[in-house]
Amino acid sequence: MKNSEIIKRLSYFIMPLIGTVFLLWYVKAAGADAVYSDYIRIIAQYLPDVGDIRKLLVPDVLTRIPATFLERYINVRAFSYSVTFDRVLGVIGIAMMAVVLAVYFMKYEISFKWQAAVFLVLFSLTKWEIILNGTAWAHIMSFGLFFVNYYIADRMWRGETLAREELLLCVMPVMLLLIAGEYIVSYCVTMILVSIFGILMGGVNSWAVKRGRRMFRAILITTVVSLCIYVLSRHFAVWEHSGATEAGLLEVIQKEPFFIVRFLLKSFAGAVIGQETITNFFGPGASLNDAVVIFIGIVILAAYVFAFFIYIESELFEETVFPLVLLISGFGNHLLVALGRWIFLKENYALSSRYAGQFMIGLIGMLLIFAMYGRRKRALKRFDQSTQSFMRAAAIAGTVLIISGNCYTTYQELIKAPYREENYVRMGEAMLHYEDYDTDELKRILEWTKDDETMYKALSILKNNRLNVFSHN
């Protein structure tokens with residue numbers, strides 16, 4: 001291979017490297033090593049005996065994400081239970097997605113402008129909460145593994161996989177049970193649809209016809225089995241949802257017919273711009289907030305439909321299935337969040353930054369479809385030139401909206417970074433002197449909304465075992 005070719009290939013990984021360094025810097029600039037919120041429950045339940053195997057031997061273990069047991073053991077033993085360690089793992093998960101995308105870009109020689117558009121979304125701070133909330137590291141890492149899985153499935157679609165890659169595709173649904181948690185549902189549904197698509201379409205070449213259908217059937221079987229195993233494990237779980245309604249979904253819809261619709265539309269808007277950003281732009285309590293959010297949600301939903309339409313009409317499935325898989329997965333995440341979080345009866349819950357990480361998967365799939373569509377000489381054969389020009393303009397307009405929202409939110413988050421760090425520092429100081437604080441004030445600082453006993457138990461465990469903020473005292 002010539003030096004020029006090596007340099008060209010390496011150039012595809014420059015933006016992923018820059019983006020990863022940026023997120024690592026953000027973790028340092030906006031965070032401090034202090035536990036809070038969900039960590040309190042985890043500490044009280046699993047520490048200090050992180051090596052106790054009996055805590056793994058429970059029927060609902062898959063809802064507790066088995067991979068976190070090993071990670072927690074390493075974190076406690078080697079890093080005195082560091083939140084920063086968890087956050088860095090989350091950044092590594094995003095870097096995994098970036099590497100897969102870089103390989104994909106290199107395969108199809110996607111132009112620099114489309115690479116930049118995708119990486120601006122991937123490394124944006126719309127998902128600041130999932131980055132700084134270290135307990136979410138497993139979710140982000142599972143998204144990275146999803147990308148690896150989807151890309152190998154794309155290679156199989158083209159008949160380019162090796163036997164070991166095909167074997168990996170068959171066993172990966174079972175492996176992902178150990179780390180994906182509830183997101184195994186959207187992953188499994190996506191792979192089931194892709195497998196059915198592969199079986200019905202017969203692929204794009206003779207390999208796929210003769211062997212591909214058999215492989216897709218094997219993937220379909222293992223994926224369905226994995227989904228059933230997770231559902232069975234979930235059946236034994238006991239969920240605690242503070243502030244959740246006891247009313248059924250149908251009862252809620254009868255009282256508020258458009259609640260779920262508005263919730264979903266706001267989730268689509270949340271993929272582009274966060275609740276805090278909207279509030280900062282218009283001011284708290286501004287009546288225009290809701291109208292703008294709903295409008296953005298409608299536009300993004302329309303962009304999903306448009307992206308799917310041009311994927312099918314331009315016959316992109318002849319080349320690649322990877323963008324379609326991301327599009328389906330992202331859309332499925334919107335439905336999953338709506339089904340799991342409507343119980344709080346708060347429409348703006350869908351705008352939470354904690355969900356932007358899974359929502360961005362659909363946006364990336366959308367941008368990839370626009371990029372692939374733009375480079376095809378034979379695009380939409382059934383439409384005249386003026387209609388195709390309009391569609392290309394619509395794709396560009398949708399891209400501009402997505403990028404603008406992500407960039408503006410990132411800009412806002414960079415401004416807030418010092419204040420977020422201050423908040424974490426205040427949490428750490430409060431923990432060090434927790435005996436001096438009023439209970440309600442301590443709960444407010446640590447963002448803990450449940451019982452007092454669990455909070456004090458967690459703080460006592462940290463202090464007695466010299467973990468987290470107490471490790472330096």
Side-chain angles (χ1 to χ4, degrees), residues 27 31-93 129-142 178-182 233 236-242 354 423-437 439 442-473:
V27 164
D33 209 340
V35 301
Y36 70 109
S37 189
D38 288 344
Y39 273 103
I40 293 173
R41 174 187 57 81
I42 293 171
I43 293 165
Q45 189 170 6
Y46 298 109
L47 270 62
D49 304 319
V50 287
D52 187 354
I53 195 67
R54 290 174 297 179
K55 294 180 180 180
L56 260 174
L57 304 178
V58 290
D60 65 334
V61 63
L62 297 181
T63 66
R64 307 186 186 201
I65 311 179
T68 60
F69 285 78
L70 175 60
E71 187 274 346
R72 198 177 298 121
Y73 180 87
I74 295 171
N75 195 352
V76 169
R77 295 290 184 257
F79 302 101
S80 300
Y81 203 50
S82 167
V83 177
T84 302
F85 177 68
D86 291 345
R87 290 168 178 160
V88 169
L89 287 179
V91 173
I92 291 172
E129 190 174 355
I130 198 173
I131 294 172
L132 294 181
N133 183 350
T135 60
W137 74 266
H139 296 319
I140 309 177
M141 193 74 74
S142 67
L178 302 177
I179 192 170
E182 64 182 3
S233 180
F236 295 101
V238 178
W239 303 96
E240 295 181 13
H241 294 299
S242 179
R354 71 182 66 186
N423 189 43
Y424 285 117
V425 169
R426 185 162 55 250
M427 289 177 181
E429 291 174 349
M431 282 192 291
L432 286 172
H433 308 285
Y434 70 89
E435 297 96 338
D436 301 330
Y437 281 79
T439 298
L442 189 62
K443 289 174 72 173
R444 179 185 57 80
I445 293 173
L446 299 182
E447 299 178 11
W448 178 249
T449 59
K450 299 180 183 177
D451 63 290
D452 304 347
E453 184 182 351
T454 299
M455 179 181 68
Y456 284 113
K457 178 182 178 182
L459 291 171
S460 176
I461 289 171
L462 292 179
K463 183 177 181 180
N464 293 338
N465 294 274
R466 302 180 66 83
L467 299 172
N468 197 248
V469 294
F470 297 97
S471 64
H472 304 297
N473 287 355

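Heads up: numbering here begins at 1 and tracks the sequence.
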Output the distance between atom CD1 (Ile140) and atom CD1 (Ile179), rounded to the nearest 0.5 Å. 10.5 Å

Between Pro59 and Ser233, which heavy-atom pair has the shortest distance, and what is it? O-OG, 3.0 Å

Output all residues satisfying side-chain contact (heavy atoms from CB on, under 4.5 Å) with Asp33, sequence neighbours left out; order by chain, then residue number. Ser82, Val83, Thr84, Asn468

Atom CE in Met427, atom CG in Leu446: separation rounded to 0.5 Å? 6.5 Å

Ignoring hydrogens and geometry, is there a side-chain-to-backbone donor-acceptor pair from Arg87 to Leu132 under 3.5 Å? yes

Return yes when atom CD of Glu435 has more than 12 non-hydrogen atoms of other residues, nucleotides or ligands closer than 6.0 Å, and no otherwise. yes

Those residues that, when tested against Thr135, pass side-chain contact (heavy atoms from CB on, under 4.5 Å) (two or more places apart): Asp38, Tyr39, Ile42, Asn133

Here the gap from Arg426 atom CZ to Tyr36 atom OH, rounded to the nearest 0.5 Å, amounts to 13.0 Å

Hey, what do you get for NZ (Lys463) to CE (Met431), rounding to the nearest 0.5 Å? 13.0 Å

Distance check, rounded to the nearest 0.5 Å: Leu62 atom CG versus Phe236 atom CZ? 11.5 Å

Measure the spacing between CD1 of Ile40 and NZ of Lys457 and express it to the nearest 0.5 Å. 13.0 Å

I'd like a table of donor-acceptor pairs (distance under 3.5 Å, sequence neighbours excluded) in which one partner is a side-chain atom from residues 46-57, with atom names and distances.
from	atom 1	to	atom 2	distance (Å)
Tyr46	OH	Arg64	NH1	3.4
Asp52	OD1	Arg54	N	3.1
Asp52	OD1	Arg54	NE	3.0
Asp52	OD2	Arg54	NH2	3.2
Lys55	NZ	Gln45	O	3.3
Lys55	NZ	Tyr46	O	3.3

Side-chain contact, heavy-atom cut-off 4.5 Å: Tyr456 with Leu442? yes

Got a sec, which residues hit side-chain contact (heavy atoms from CB on, under 4.5 Å) with Lys443, two or more places apart in sequence or on another chain? Thr439, Trp448, Asp452, Met455

Minimum side-chain heavy-atom gap Val76-Asn465 below 4.5 Å: no

Taking all non-hydrogen atoms of both residues into account, name the closest pair between Ser80 and Ser471 and its distance. CB-CB, 3.7 Å

Thr63 versus Asp60, closest heavy-atom pair with distance: OG1-O, 2.6 Å

Distance-minimising heavy-atom pair for Ala180 and Ser142: CA-CB, 3.7 Å

Taking only residues two or more places apart in sequence, or in another chain, which ones meet Glu71 in a side-chain contact (heavy atoms from CB on, under 4.5 Å)? Asn75, Phe85, Asp86, Leu89, Trp137

For Ser37, check side chain to side chain donor-acceptor pair (under 3.5 Å) against everything at least two apart and list the hits. none

